[in-house]
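The model shown is predicted, which means the values in this text are computed figures rather than measured ones.
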Amino acid sequence: MHLLSPLLLLLEYLAFSDSQDWKFEHPETLYAWDGACIWIPCLYTIPGNGKVLDNLTVYQNYEWDSKTKNFNGTVLYEEKKFGTSSSQGRVQFLGDNKSNCTLHINPVNAQDNGQLGLRVTSGNDKWMDKIVLNISKTAPPPRIHLPLEIRELQEVILTCQLDFACPGYQTKLQWSLEGMQHNLSSVHSISLSPKTVSTWNQLKFQPEWTDHGKKLTCQLWKDSADGLLSQETVQLDVKHSPKEVTMVIQNPTPIREGDSVTLFCNYTSSNPSVIRYEWKSQGSWKEIMPGVLMIQKVPWNASPFSCAACNQWCSWSPSVNLHVQYAPRGVKVLLISPDSEIHSGHQVLLRCNFSSSYPTDVLFFWKKNGIFLKEGRDLSFDSISPEDAGNYNCLVNNSIGQSTSEAWKLQVLYAPRRLQVSISPKDSVMEGKKAVLTCESDANPPISQYTWFDWNNQNLHHDDQMLRLDPVKVQHSGTYWCQGANRLGMDQSPPRILTVYYSPETISKQVALGMGLFLAILLLPLLGVKLHRSWKRIQSQQGLQENSSAQSFFVRNRKVRRAPLSEGPNSLGCYNPVMEDSISYATLRFPIAETDTPRIGEAGTSEMQRTSLNRDNTVTYSVVQKHQVGDYENVTPDVPEDEGIHYSELVHLGIGERPLSQEGVEYVTLKH
């Protein structure tokens with residue numbers, strides 16, 4: 001296309017100014033290449049009504065001649081007599097003198113590049129119309145028109161356009177896509193109009209994401225041996241979500257419970273690029289960098305993990321199971337049989353169960369009260385006994401670790417057994433203290449009823465487990481036993497002896513009483529001998545004085561007799577004041593018959609009086625002697641006895657005859 005100088009434009013304006021109503025319709029620029037042809041569709045309108053075209057001249061690269069006031073240039077075609085279509089050389093006029101000015105140039109040469117001028121006249125009206133020819137040496141490439149956005153799996157229409165069409169020159173446009181072995185089917189069309197001269201090829205295409213980045217080519221072919229004339233190639237920009245998203249585990253396998261695991265989210269293609277990641281996971285985790293996830297202390301039951309790579313769309317990876325290995329879980333003891341209470345003698349079967357384990361190869365062990373028992377999943381008892389009761393744990397072991405069940409308490413129900421009586425604080429208890437007798441038992445369920453018995457098998461009517469004796473008495477000494485019962489049966493303990501001994505106070509009293517009795521018994525023979533001697537001496541000196549009523553005799557001394565201490569019937573004692581003249585006395589009672597001895601605890605005032613009145617065979621002797629310092633009363637001194645005996649009295653109490661005296665003499669020696 002040539003640029004016209006301002007002067008030339010002015011000249012053209014002046015040349016065309018004689019008719020301002022001429023109108024032409026044709027493409028402004030027509031394209032072709034050397035050896036091809038040009039089809040110029042053209043329409044015109046003559047000013048005025050009923051006018052026809054008188055003359056048509058086609059100039060090539062015309063110029064205005066100011067001298068001749070006319071256009072100069074190479075004349076390619078001139079038509080003065082309009083009729084049927086006519087041709088002159090390479091140019092063929094296909095129009096008429098009314099409205100059609102279509103031209104066909106075949107062939108065109110590279111020298112034809114430039115301007116064509118259509119000079120038309122009708123009477124006095126003249127007009128010069130310009131057509132630009134763009135003639136290249138080779139065929140120009142077609143243009144590929146793509147939509148603004150191509151998305152995967154969405155159908156689009158791609159257009160390949162060539163601004164050339166000539167019926168005398170057959171061409172075709174053909175599509176090809178990189179990686180495809182066959183051509184794509186398309187629709188071919190030609191446009192020959194005053195506005196457009198072109199060849200079109202439209203391709204309906206549903207691209208895959210894999211087509212992204214591929215080369216799409218439109219080729220211009222001629223139906224001859226020339227073959228391919230030109231082509232245009234574009235790279236497809238197929239918008240698609242991230243593709244082939246996968247999760248990769250960095251950690252070496254196997255993964256164990258509590259390990260830290262690093263996961264990578266990968267993808268093969270994304271258009272536009274990935275801008276973020278999303279995760280589906282459990283546990284404590286953090287994204288240490290885009291697309292990299294760290295899971296801290298992975299749980300044993302970690303659910304499958306997945307990730308998503310996102311641009312304007314998100315694509316999720318398939319779920320990945322971490323296959324976390326862990327020790328057996330949910331370990332517990334199951335009672336298989338019996339399905340009710342366990343009684344002594346029953347058959348019992350326990351089974352060790354667990355909910356899950358990975359790996360699944362496991363071993364089973366049993367412990368009783370923390371002590372290893374046996375290996376195996378089942379623990380059976382052919383005839384269970386109370387000794388089998390206790391806390392049982394089962395253990396399940398795999399290559400990762402070992403898990404222990406909670407303690408399962410095995411209770412064996414049985415009737416009371418092994419009853420025994422324990423005494424607290426001990427078997428021998430001092431009177432006045434406290435003694436607690438406990439009925440110790442072995443029973444399940446515990447004993448609900450206790451019964452206590454004494455040494456006479458007498459029911460003590462005490463139903464508590466402990467029998468309290470507070471304060472304990474000497475009379476409590478003896479054998480005790482207990483009996484216990486629950487809903488399964490009854491048993492009794494062996495007897496247990498409780499010994500209650502006297503307190504020191506009681507012992508002191510008893511010793512004092514015993515010593516007194518012992519001394520009295522020792523003195524009786526001595527007193528008897530001395531009385532006998534004194535009696536003989538008194539009879540030789542004073543004679544026997546009898547008292548018929550009292551049946552007594554007296555030997556009186558010159559000294560005044562001191563009154564003895566008052567004594568009751570059946571008393572035994574002595575009176576011996578120190579460091580002065582004193583009167584010593586002794587009262588002796590000789591039992592004649594066994595029935596005369598009173599029983600302990602049965603003596604009373606009336607009985608004692610009645611016994612005294614009936615003592616027919618009782619004889620009492622009294623010996624009174626002057627006290628000598630350092631001597632013992634009623635004991636014969638080593639020196640000859642002086643006349644120290646003041647009096648003696650023998651009294652026969654009671655009514656009746658005296659029995660004959662016995663051969664033996666009982667005596668008692670009393671000491672101060």
Side-chain angles (χ1 to χ4, degrees), residues 241-270 273-311 314-336 349-368 370-379 391-408:
S241 61
K243 298 301 177 182
E244 297 181 355
V245 180
T246 57
M247 180 175 287
V248 179
I249 303 174
Q250 183 187 36
N251 297 59
T253 56
I255 299 174
R256 299 189 176 190
E257 179 182 3
D259 287 351
S260 294
V261 179
T262 303
L263 304 176
F264 289 86
C265 192
N266 296 335
Y267 63 93
T268 57
S269 177
S270 176
S273 299
V274 170
I275 57 176
R276 61 187 175 89
Y277 296 87
E278 294 182 3
W279 306 88
K280 287 182 181 178
S281 61
Q282 288 182 348
S284 176
W285 57 270
K286 63 178 180 179
E287 192 175 29
I288 57 178
M289 60 182 297
V292 181
L293 184 73
M294 175 175 285
I295 304 172
Q296 297 177 346
K297 295 182 179 180
V298 61
W300 67 272
N301 57 347
S303 59
F305 288 77
S306 61
C307 69
C310 302
N311 44 29
C314 288
S315 298
W316 287 91
S317 70
S319 296
V320 175
N321 196 327
L322 299 182
H323 299 289
V324 180
Q325 295 189 355
Y326 56 92
R329 304 191 69 87
V331 180
K332 61 182 178 180
V333 177
L334 298 180
L335 175 62
I336 303 302
L349 176 61
L350 303 180
R351 178 163 295 165
C352 187
N353 195 29
F354 65 97
S355 59
S356 62
S357 173
Y358 188 72
T360 57
D361 294 334
V362 296
L363 297 175
F364 299 90
F365 303 94
W366 288 90
K367 284 185 178 181
K368 177 186 177 183
I371 301 175
F372 175 77
L373 198 60
K374 67 181 292 287
E375 180 181 355
R377 184 167 191 176
D378 292 341
L379 181 63
N391 293 323
Y392 286 80
N393 300 87
C394 73
L395 300 84
V396 184
N397 183 294
N398 64 9
S399 60
I400 302 302
Q402 179 173 278
S403 300
T404 305
S405 70
E406 293 184 357
W408 189 84

Undergrad: Not counting sequence neighbours, which residues clear salt bridge (charged side-chain N to carboxylate O under 4.0 Å, His left out) with Arg256? List them please.
TA: none

Undergrad: Using the salt bridge (charged side-chain N to carboxylate O under 4.0 Å, His left out) criterion, which residues pair with Arg329? Sequence neighbours excluded.
TA: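 Partners of Arg329 under the salt bridge (charged side-chain N to carboxylate O under 4.0 Å, His left out) test: Glu257.
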
Undergrad: Can you tell if the side chain of Ile288 reaches within under 4.5 Å of the side chain of Lys286, non-hydrogen atoms only?
TA: yes

Undergrad: Give, for atom OH of Tyr267 and atom OG of Ser273, the distance between the pair rounded to the nearest 0.5 Å.
TA: 6.0 Å

Undergrad: Kindly compute the distance separating CG (Leu363) from OG (Ser399), expressed to the nearest 0.5 Å.
TA: 10.5 Å

Undergrad: Can you see which heavy atom on Leu373 is nearest to which on Leu379, and at what distance?
TA: CD2-CD2, 3.9 Å

Undergrad: Distance from Asn393 atom CG to Lys368 atom NZ, nearest 0.5 Å?
TA: 12.5 Å

Undergrad: How many angstroms lie between CG in Leu395 and OG in Ser403, if you round to the nearest 0.5 Å?
TA: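 Going from the CG atom of Leu395 to the OG atom of Ser403 covers 8.5 Å.
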
Undergrad: At their closest point, which heavy atom of Tyr358 faces which heavy atom of Ile400, and how far apart are they?
TA: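 Nearest heavy atoms, Tyr358 then Ile400: O-CG1, 3.9 Å.
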
Undergrad: For Lys332, does the NZ atom sit with more than 12 other heavy atoms under 6.0 Å from it, leaving out its own atoms?
TA: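 No, NZ of Lys332 has 12 or fewer neighbouring heavy atoms, counting only those of other groups under 6.0 Å.
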
Undergrad: Please enumerate all residues that pass salt bridge (charged side-chain N to carboxylate O under 4.0 Å, His left out) together with Asp259, with sequence neighbours excluded.
TA: none

Undergrad: Are side-chain heavy atoms of Cys307 and Tyr277 found at a separation under 4.5 Å?
TA: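 In short, these two side chains do not touch, never coming nearer than 4.5 Å.
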
Undergrad: Mind listing the side-chain donor-acceptor pairs of residues 242-250 below 3.5 Å, one per line with the distance, residues two or more places apart or on another chain?
TA:
residue : atom : partner : partner atom : Å
Lys243  : NZ   : Glu152  : OE1          : 3.1
Lys243  : NZ   : Glu152  : OE2          : 2.9
Lys243  : NZ   : Ser241  : OG           : 3.3
Glu244  : OE1  : Thr268  : OG1          : 3.0

Undergrad: Suppose we screen for side chain to side chain donor-acceptor pair (under 3.5 Å). Which residues come up paired with Tyr326, at least two apart in sequence or across chains?
TA: Ser356

Undergrad: Please check if the side chain of Asn398 supplies one atom and the backbone of Gly401 the other of a donor-acceptor pair under 3.5 Å.
TA: yes

Undergrad: To the nearest 0.5 Å, tell me how far Lys374 NZ sits from Phe365 CZ.
TA: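 It is 10.5 Å, given to the nearest 0.5 Å.
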
Undergrad: Under 4.5 Å between any side-chain heavy atoms of Val292 and Thr262, yes or no?
TA: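 Val292 vs Thr262: side chains touch.
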
Undergrad: Would you call Trp285 and Leu263 a side-chain contact if the rule is heavy atoms closer than 4.5 Å?
TA: no

Undergrad: Might you point out which heavy atoms bring His323 and Asn321 nearest each other, and give the distance in Å?
TA: N-OD1, 2.9 Å

Undergrad: Show the nearest heavy-atom pair for residues Gln402 and Ala327, with the distance to one decimal.
TA: N-CB, 4.1 Å

Undergrad: Given side chains that start at C-beta, do those of Trp366 and Cys352 come closer than 4.5 Å, heavy atoms only?
TA: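 Yes, close enough: below the 4.5 Å cut-off.
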
Undergrad: Yes or no on side-chain contact (heavy atoms from CB on, under 4.5 Å) for Trp408 and Cys394, after CA distance, side-chain angles and deciding distance?
TA: CA-CA 9 Å; Trp408 189 84; Cys394 73; over 6 Å; no

Undergrad: Less than 4.5 Å apart, any side-chain heavy atom of Arg351 and any of Arg377?
TA: yes

Undergrad: Listed by chain and number, what are the salt bridge (charged side-chain N to carboxylate O under 4.0 Å, His left out) partners of Glu287, not counting sequence neighbours?
TA: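 Glu287 satisfies salt bridge (charged side-chain N to carboxylate O under 4.0 Å, His left out) with no residue once adjacent residues are dropped.
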
Undergrad: Looking only at heavy atoms, which two atoms of Val362 and Ser357 are closest? And how far apart?
TA: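 Closest approach of Val362 to Ser357: CG1-OG, 3.5 Å.
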
Undergrad: Would you give the length of the straight line joining atom CZ of Phe354 to atom CG of Asn397, rounded to the nearest 0.5 angstrom?
TA: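 These two atoms lie 11.5 Å from each other.
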
